[in-house]
Amino acid sequence: MTHLLSKPCSLQFFSSRNASSLGVNQGGTRFSSSSIQQTSKLPCRRLVYRGKPNPGQFCIVRATTLPLSQEAKPQSGSASEVSHGNASSAKRVMVIGGDGYCGWATALHLSNKNYEVAIVDSLVRRLFDHQLGLDSLTPISSIHNRIRRWKSLTGKTIDLYIGDICDFEFLAETFKSFEPDSVVHFGEQRSAPYSMIDRSRAVFTQQNNVIGTLNVLFAIKEFREECHLVKLGTMGEYGTPNIDIEEGYITITHNGRTDTLPYPKQASSFYHLSKVHDSNNIAFTCKAWGIRATDLNQGVVYGVRTDETEMHEELSNRFDYDGVFGTALNRFCVQAAVGHPLTVYGKGGQTRGYLDIRDTVQCVELAISNPAKSGEFRVFNQFTEQFSVRDLAALVTRAGGKLGLNVETTSVPNPRVEAEEHYYNAKHTKLIELGLKPHLLSDSLLDSLLNFAVKYKDRVDTKQIMPSVSWRKIGAKPATVAA
């Protein structure tokens with residue numbers, strides 16, 4: 001095995017654990033060393049390949065971005081101009097899951113803010129689309145072309161490590177190579193419906209999420225003990241209790257005694273349960289090992305544009321509208337754009353916290369720049385407003401009417417097991433206190449989202465709009481996808 005390199009324009013392979021243990025061979029698709037070499041057409045001046053993979057193993061790619069002849073001049077004050085030995089050098093941030101919806105926007109935002117950024121990703125999210133016959137509303141470029149374009153526009157380099165964090169050997173090499181000061185961990189299977197498709201996806205979700213996070217914790221302990229973990233959690237860990245939801249902890253008095261305890265968790269899917277397990281593991285390692293960690297319990301994200309992704313079409317973020325990965329407001333905007341009735345599940349009183357993706361990247365930066373103390377496990381509730389599904393449908397209907405769209409709403413049987421009318425009041429003050437300036441859901445923002453959906457409506461596969469995953473009908477038999 002060879003160590004991962006960080007020099008420009010190099011690409012490197014080393015064998016890793018069997019791909020079948022990663023869940024990447026579900027549906028009969030598997031990445032191989034040959035397929036990676038064929039699809040990763042990097043205009044590099046040098047190719048480094050050491051060691052031949054064993055049969056049944058796949059390869060991990062370590063790639064950087066641009067031939068020197070095409071590199072832009074570094075911008076003034078960029079991380080590339082700062083010596084690593086200088087106390088004022090930019091913080092080094094590893095973004096795990098940096099090819100995904102939240103991760104890509106965050107990686108660009110941090111790079112633009114002069115952090116030295118590395119993306120770590122297995123690219124398995126793209127494989128899920130292939131397996132399930134899904135596609136982003138927006139055309140998205142390969143991760144290599146994305147990073148190459150960012151370099152050409154800004155002069156800023158984003159390192160890329162392709163591999164699975166469930167493989168500790170890969171993760172260890174990545175930590176030793178990049179030496180992060182902060183790790184932003186988005187690298188988990190993020191869809192509740194995906195985790196409820198069948199037994200194999202439920203198992204994959206928990207194995208990938210829980211073991212991956214455990215590996216990150218061990219890597220911090222072994223190689224970067226001062227590193228700050230910023231972990232993406234979910235408001236879904238709390239469920240919908242009939243009391244106010246606090247930020248991570250609740251002070252209770254019982255039989256005359258008072259204590260502050262972790263807020264009770266009521267997860268509603270195998271995905272949400274994996275997040276609860278993560279939170280418990282992180283809290284324990286903070287106490288036992290002195291790890292510093294911030295858990296960002298994020299609400300439902302909407303939108304697609306950030307200042308950075310708007311710079312070029314090759315930097316565009318993904319926009320999911322299907323019943324597996326699409327979030328409520330994004331789905332409603334696409335449905336309105338193509339003339340499909342808005343699909344409100346059940347009574348529509350399900351209330352959650354929501355935030356613009358521009359606030360996601362802002363919250364992550366605030367957590368990084370205000371790190372937790374050694375041994376501290378902080379929990380921030382990361383959202384800006386609360387809406388019911390019924391509220392969102394009404395807002396989209398009104399905004400669509402102003403644009404000349406005939407928007408209708410229909411109630412469909414709820415595929416989930418959840419309360420459809422309930423009390424919901426969640427606290428979210430800590431990020432505001434750190435300086436969060438929210439982008440609230442306005443008429444102009446809804447107009448922008450709807451116009452965006454209309455622009456790409458020819459890419460919509462209407463067969464993917466209706467929900468197809470049932471919480472009650474999940475079984476052990478692998479689910480198949482019709483062509």
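Bear in mind that the values here come from a model prediction, so they are computed numbers and not experimental data.
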Checklist entry - When you look at Y101 and F319, which way does the ring pair (Phe, Tyr, Trp, His ring centres under 6.0 Å) test go after all the steps? => result CA-CA 8 Å; Y101 175 53; F319 189 104; 7.7 Å; no
Item to check | Heavy-atom closest contact (G133 atom, D461 atom, distance) | outcome: O-OD2, 4.4 Å
Item to check | Main-chain N/O of L232 paired to K275 side chain as donor or acceptor, under 3.5 Å | outcome: yes
Checklist entry - Is T106 close to V117 at the side-chain level, that is, under 4.5 Å between some pair of heavy atoms? => result no
Item to check | Heavy-atom closest contact (C166 atom, N215 atom, distance) | outcome: O-ND2, 3.1 Å
Checklist outcome for this item: Rounded to the nearest 0.5 Å, the CD atom of Q362 sits from the CG atom of L434 at a distance of 10.5 Å
Item to check | Residue pair F223 / E179, side-chain heavy-atom distance below 4.5 Å | outcome: no
Checklist entry - So, S191 side chain and V324 main chain: donor-acceptor pair closer than 3.5 Å or not? => result yes
Item to check | S177 side-chain N/O to E173 backbone N/O, donor-acceptor pair under 3.5 Å | outcome: no
Item to check | From D307 atom CG to L108 atom CG, the distance as rounded to the nearest 0.5 Å | outcome: 11.0 Å
Item to check | Salt-bridge contact D181-R224 (side-chain N to carboxylate O under 4.0 Å) | outcome: yes
Next on the checklist: Looking at every non-hydrogen atom in both residues, tell me the closest pair between T138 and Y456 and how far apart they are.
Outcome noted: CG2-CE1, 4.1 Å
Checklist entry - Is the closest side-chain heavy-atom distance between C333 and L449 below 4.5 Å? => result yes
Checklist entry - Is there a donor-acceptor contact under 3.5 Å from the side chain of S195 to the main chain of Y271? => result yes
Checklist entry - Are the side chain of Q189 and the backbone N or O of V124 linked by a donor-acceptor pair below 3.5 Å? => result no
Checklist entry - What is the minimum heavy-atom distance between S448 and R305, and which atoms define it? => result OG-NH1, 3.3 Å
Checklist entry - Under the 6.0 Å and 45° cation-pi test, does R146 pair with W104? => result yes
Next on the checklist: Are R201 and L132 packed together at the side-chain level, in the sense that at least one heavy-atom pair is separated by less than 4.5 angstrom?
Outcome noted: yes
Checklist entry - Is there side-chain contact between I143 and D121, with at least one heavy-atom pair below 4.5 Å? => result no
Checklist entry - Are a donor atom and an acceptor atom from the side chains of E247 and N381 found within less than 3.5 Å of each other? => result no
Next on the checklist: Using a 6.0 Å cut-off, check whether atom CZ of F270 has over 12 heavy atoms from anything other than its own residue.
Outcome noted: no
Checklist entry - Can you check whether A372's main-chain N or O pairs, donor with acceptor, with R292's side chain at less than 3.5 Å? => result yes
Item to check | Check ion pair D278-K231 (N to O, under 4.0 angstrom) | outcome: yes
Item to check | From L134 atom CG to Y194 atom OH, the distance as rounded to the nearest 0.5 Å | outcome: 10.0 Å
Next on the checklist: Does R190 qualify as a cation-pi partner of F325, given the criterion of NZ or CZ under 6.0 Å from the six-membered ring centre and within 45 degrees of its axis?
Outcome noted: no
Next on the checklist: Does the plane of the ring in Y302 sit parallel, tilted or perpendicular to the ring in Y354? Use 30° and 60° as the thresholds.
Outcome noted: tilted
Checklist entry - Does the side chain of S274 come under 3.5 Å of the side chain of N209 through a donor N or O and an acceptor N or O? => result yes
Next on the checklist: Just by distance, no angles: are the side chains of E188 and T213 close enough, under 3.5 Å, to form a donor-acceptor pair?
Outcome noted: yes
Checklist entry - Between V301 and D356, what is the shortest heavy-atom contact and its length? => result CG1-C, 4.3 Å
Next on the checklist: Whether the side chain of E418 engages the backbone of Q350 through a donor-acceptor N/O pair (distance < 3.5 Å, no angle test) should be reported.
Outcome noted: no
Checklist entry - Is any side-chain heavy atom of L342 closer than 4.5 Å to a side-chain heavy atom of T397? => result yes
Checklist entry - Just wondering, more than 12 heavy atoms not from E310 lying within 6.0 Å of its CD? => result yes
Checklist entry - Are any side-chain N or O atoms of R149 and backbone N or O atoms of L315, one a donor and one an acceptor, separated by less than 3.5 Å? => result no
Item to check | Exam field: side chain N330 to backbone Y321, donor-acceptor pair closer than 3.5 Å | outcome: no
Item to check | Any donor-acceptor pair under 3.5 Å from D359 side chain to H439 backbone | outcome: yes
Checklist outcome for this item: In this structure, NE2 of H109 is separated from CD1 of I357 (nearest 0.5 Å) by 11.5 Å
Checklist outcome for this item: residues 132-142 vs salt bridge (charged side-chain N to carboxylate O under 4.0 Å, His left out), sequence neighbours excluded, gives D135-R459
Item to check | Where A367 and V230 come nearest, the two heavy atoms and their spacing | outcome: CB-CG1, 4.1 Å
Item to check | Test side-chain hydrogen bond (donor to acceptor under 3.5 Å, both in side chains) applied to S268 and R416, step by step | outcome: CA-CA 9 Å; S268 60; R416 303 185 179 213; 5.8 Å; no
Checklist entry - What pairs meet the salt bridge (charged side-chain N to carboxylate O under 4.0 Å, His left out) rule with one or both residues in residues 384-396, with sequence neighbours excluded? => result R390-E421
Item to check | Between S279 and E237: side-chain donor-acceptor atoms closer than 3.5 Å | outcome: yes
Checklist entry - To the nearest 0.5 Å, what is the distance between CG (D99) and CZ (R125)? => result 10.0 Å
Item to check | Under 3.5 Å side-chain donor-acceptor pair for H228 and T294 | outcome: yes
Checklist entry - Going through the distances and angles, do S111 and K156 end up as a side-chain hydrogen bond (donor to acceptor under 3.5 Å, both in side chains)? => result CA-CA 7 Å; S111 179; K156 298 176 186 292; 5.7 Å; no
Next on the checklist: Under the criterion salt bridge (charged side-chain N to carboxylate O under 4.0 Å, His left out), I'd like the reasoning laid out for D322 against R331: C-alpha separation, chi angles, the key distance, then a yes or no.
Outcome noted: CA-CA 7 Å; D322 57 89; R331 281 170 50 76; over 6 Å; no
Next on the checklist: Please determine whether side-chain hydrogen bond (donor to acceptor under 3.5 Å, both in side chains) holds for the pair H272 and S269, giving the CA-CA distance in whole Å, both sets of side-chain angles, and the decisive distance to 0.1 Å.
Outcome noted: CA-CA 5 Å; H272 291 104; S269 73; 2.8 Å; yes
Checklist outcome for this item: Rounded to the nearest 0.5 Å, the OG atom of S136 sits from the CZ atom of R126 at a distance of 9.5 Å
Checklist entry - Is there a side-chain contact between Q382 and N297, using heavy atoms and a 4.5 Å cut-off? => result no
Next on the checklist: Between R352 and M235, is there a side-chain heavy-atom distance shorter than 4.5 Å?
Outcome noted: no
